[in-house]
Amino acid sequence: MSRKLTPNRWNWSQKDEKWIFIQQNDDGKELYYYRLDPPKEFIELTMELKELNDVLIITKNPEENAKLFNEMMKISKRLQNMKI
């Protein structure tokens with residue numbers, strides 16, 4: 001089941017295989033912008049996730065591991081919310 005497109009942020013559409021940005025005008029009309037390459041926000045979150053994973057791999061402290069893992073889960077949820 002797909003969800004509705006979220007306005008004012010990039011959404012990935014599996015159906016269209018494109019990134020879609022919906023902007024609402026003052027008069028309530030929606031403008032749609034499309035792109036094939038990932039938006040800056042997606043790339044930044046992906047790089048942050050990679051950096052946290054690199055630290056997680058070498059960390060021996062269980063408390064620090066849990067903290068890093070929880071942060072990675074938050075980022076992962078944000079990335080998944082971009083997908084429709």
Side-chain angles (χ1 to χ4, degrees):
M1 177 181 278
S2 66
R3 63 173 176 79
K4 294 176 87 176
L5 296 171
T6 305
N8 299 320
R9 75 170 178 84
W10 287 101
N11 300 270
W12 172 253
S13 172
Q14 288 182 327
K15 177 183 171 189
D16 298 327
E17 296 183 356
K18 296 179 191 176
W19 289 96
I20 302 170
F21 187 90
I22 303 169
Q23 182 181 21
Q24 290 187 330
N25 284 350
D26 294 334
D27 60 358
K29 290 186 179 181
E30 294 179 337
L31 297 173
Y32 293 83
Y33 300 95
Y34 298 91
R35 64 189 293 172
L36 294 175
D37 56 326
K40 183 179 178 182
E41 178 187 7
F42 182 83
I43 294 170
E44 288 173 352
L45 289 172
T46 303
M47 292 306 297
E48 189 176 342
L49 193 60
K50 181 200 174 303
E51 290 169 6
L52 287 171
N53 188 55
D54 291 345
V55 174
L56 182 70
I57 291 171
I58 61 173
T59 302
K60 302 291 184 201
N61 183 339
E63 293 169 359
E64 183 67 20
N65 274 353
K67 180 181 171 188
L68 291 167
F69 179 78
N70 288 333
E71 186 64 30
M72 290 173 67
M73 290 302 295
K74 289 178 189 176
I75 294 170
S76 178
K77 286 180 184 179
R78 287 178 60 192
L79 287 170
Q80 288 183 8
N81 283 335
M82 298 177 98
K83 184 174 148 182
I84 60 167

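What you see below is based on every heavy atom in this structure, not just the backbone, and it leaves out hydrogens, waters and symmetry mates. Residue indices begin at 1 and follow the sequence shown.
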Euclidean distance, [Y] [atom2] relative to [X] [atom1], rounded to 0.5 Å:
{"X": "Asp37", "Y": "Phe42", "atom1": "CG", "atom2": "CZ", "answer": "11.5 Å"}
{"X": "Trp10", "Y": "Ile20", "atom1": "CH2", "atom2": "CD1", "answer": "9.0 Å"}
{"X": "Leu52", "Y": "Met73", "atom1": "CG", "atom2": "CE", "answer": "13.0 Å"}
{"X": "Glu71", "Y": "Leu49", "atom1": "CD", "atom2": "CG", "answer": "9.5 Å"}
{"X": "Arg9", "Y": "Glu41", "atom1": "CZ", "atom2": "CD", "answer": "7.0 Å"}
{"X": "Tyr33", "Y": "Ile22", "atom1": "OH", "atom2": "CD1", "answer": "11.5 Å"}

Next item on the list: Please collect all side chain to side chain donor-acceptor pair (under 3.5 Å) contacts where either partner lies in residues 44-62, sequence neighbours excluded, each pair once.
Entry: Lys50-Asp54
Next item on the list: Give a yes or no on this: more than 12 heavy atoms of other residues, nucleotides or ligands lie within 6.0 Å of atom CG of Asp26.
Entry: no
Margin query: Just to verify, what does Glu17 make a side-chain contact (heavy atoms from CB on, under 4.5 Å) with, not counting sequence neighbours?
Written below: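 With neighbours one apart ignored, the set is Trp12.
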Could you tell me which non-hydrogen atom of [X] sits nearest to which non-hydrogen atom of [Y], and how far apart they are?
{"X": "Thr6", "Y": "Asn11", "answer": "O-ND2, 2.9 Å"}
{"X": "Leu36", "Y": "Trp19", "answer": "O-CD1, 3.7 Å"}
{"X": "Leu45", "Y": "Ile75", "answer": "O-CG2, 3.6 Å"}

Next item on the list: Could you pull out all residues at least two apart from Arg78 that satisfy side chain to side chain donor-acceptor pair (under 3.5 Å)?
Entry: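 Checked Arg78 against side chain to side chain donor-acceptor pair (under 3.5 Å); zero matches.
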Check: In the single-linkage hydrophobic clustering (I, L, V, M, F, W, Y; side-chain heavy atoms under 4.5 Å), do Leu31 and Phe21 co-cluster?
Finding: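 The answer is yes; both residues are in one hydrophobic cluster.
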